[in-house]
There are 2 protein chains.
Amino acid sequence: MFDLFEKYLLSKAAFTAGELQQIEAASVLRKLRKRQFLLQEGEVWAYYAFVASGCLRTYTVDAKGAEHILNFAVENWWTGDLQSLESGQPSGYNIDAVEDSTVVLIKHEQFEHLRQQIPALHEMVNGLLHRSFLVAQARIQTVISYSAEEKYRAFLQQYPAFALRIPQHMVASYLGMTTETLSRIRRNLV
Amino acid sequence: MFDLFEKYLLSKAAFTAGELQQIEAASVLRKLRKRQFLLQEGEVWAYYAFVASGCLRTYTVDAKGAEHILNFAVENWWTGDLQSLESGQPSGYNIDAVEDSTVVLIKHEQFEHLRQQIPALHEMVNGLLHRSFLVAQARIQTVISYSAEEKYRAFLQQYPAFALRIPQHMVASYLGMTTETLSRIRRNLV
DNA sequence: AAAGCCCGTTGACAATTGTCAACGGGCTTT
DNA sequence: AAAGCCCGTTGACAATTGTCAACGGGCTTT
């Protein structure tokens, strides 16, 4: 699975063989079965995590037991809780596997070390955060201005593959509505 | 007003006198009266914009004419449409002044030039985007999981000063609800 | 100083979305 | 192969939020 990670890295910047070796030396592979947790609420998160295969979700559970999915991470995406990582505070999020998945983990301190030594990695992460911010902004815009049906339509258009891959009750949770509401919307879609 | 910008920059990194001079040589001051536009939907945005005084808002207008406020930017924040800036595509957002305001503008190309020449500036912007991403994530979390009343309570707690400064119909729009709903929520708050 | 507009509030009602319960199909586990 | 659980759907009803109209106070503009 390291080869997938390597392929991803090379698609982002021209890392040297030595740099790749350094990065991979710090990497640990973690296999997760469907429904298995990568992070549970209350734990401190201390890794950079690259999804090599499968799909994970980050979510909160509210007082009534309802889940609210902040995001999904499929292969070639990153996951984890940056806020917990940086503050050292316990995470308010849960992360678990939607499908059987493989994740490449690099410990926080080791990653920071690599980031200082490898400028291309530093820039890659900056670019990643930059794009993540734009994506998050766009999502806020849809969430505050769209009706439930419009949210679902926009989701289908932006992530058509997700709709086939992710269970509908999770899509509903991601969109901020109940399964029943999504089910009724789908019935009324032409 | 450049002194406010300089003060901000020095609070973020140890810029040299020469660097500050370079940055300020590229800066243009723009005064906006309340309700005056900095950016209108359909225009291409091409600046980095620092708010030296006052308050601006970024918003969309939907098919029914309702406004949806993506964010506010008060003094010492940045504003603009990064997406339009980077893609060169017309912006989908409007930005106008909530109060009489002063903005420091630096043209995109000039800013990129400065960013390449001044490492501290580069890192400052990366840090800014990084934090912006975390803030955006947190907002998504509240928006998809809170009721209207919870959203307002969270807003008061996170930005108590905003509630005094920004008209209520704009707060409502920021929170993704109508003025009437916010008005009723406030009536029922103890 | 007068006129007009912006703003927040309220009421009545409608539309949207959530809650609860029940069901059946199919996948997973034993 | 059987049992059980997960998942999506549906109906009935409730709660939440939006829509429309009207109003008054006060700020801004002329």
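Lettering of chains follows the sequences in order, A, B, ..., and the numbering in each one begins at 1.
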Between atom [atom1] in [X] and atom [atom2] in [N], what is the gap in whole Å?
| X | N | atom1 | atom2 | answer |
| --- | --- | --- | --- | --- |
| A/Arg186 | C/dT17 | CZ | P | 16 Å |
| B/His169 | C/dC5 | NE2 | C1' | 12 Å |
| A/Arg165 | D/dC7 | CZ | P | 16 Å |
| A/Ile144 | D/dT17 | CD1 | C1' | 16 Å |
| A/Glu180 | D/dG11 | CD | C1' | 11 Å |
| A/Leu175 | C/dT16 | CG | C1' | 16 Å |
| A/Ile185 | D/dT9 | CD1 | P | 12 Å |
| B/Arg35 | C/dC6 | CZ | C1' | 7 Å |

Looking only at side chains, do [X] and [Y] share a donor and an acceptor under 3.5 Å apart?
| X | Y | answer |
| --- | --- | --- |
| A/Tyr174 | A/Arg57 | no |
| B/His113 | B/Gln22 | no |
| A/Asp96 | A/Tyr59 | yes |

Residue whose nearest DNA chain D nucleotide is more 5′ - A/Arg184 or A/Gln168: A/Gln168

Closest-nucleotide ordering on DNA chain D, the 5'-leading residue of B/Glu149 and A/Ser183: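 Closest to the 5' end, via its nearest nucleotide, is A/Ser183.
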
In the strands shown, is [N] matched to any nucleotide by a Watson-Crick or G-U wobble pair with both distances under 3.5 Å, and which?
| N | result |
| --- | --- |
| D/dA3 | C/dT28 |
| C/dA22 | D/dT9 |
| D/dT17 | C/dA14 |

N or O in side chain of A/Arg187 less than 4.0 angstrom from D/dT10 OP1/OP2: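 Yes, within the criterion.
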
Any A/Thr181 side-chain N or O less than 4.0 Å from OP1/OP2 of C/dT17: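 Looking at the OP1 and OP2 atoms of C/dT17, neither is under 4.0 Å from any side-chain N or O of A/Thr181.
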
Contact summary for A/Glu43 and A/Ser84, nearest pair of heavy atoms: O-OG, 4.1 Å

Side chain A/Asn94, main chain A/Thr60, donor-acceptor under 3.5 Å: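 Between the backbone of A/Thr60 and the side chain of A/Asn94 there is no qualifying donor-acceptor contact (under 3.5 Å).
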
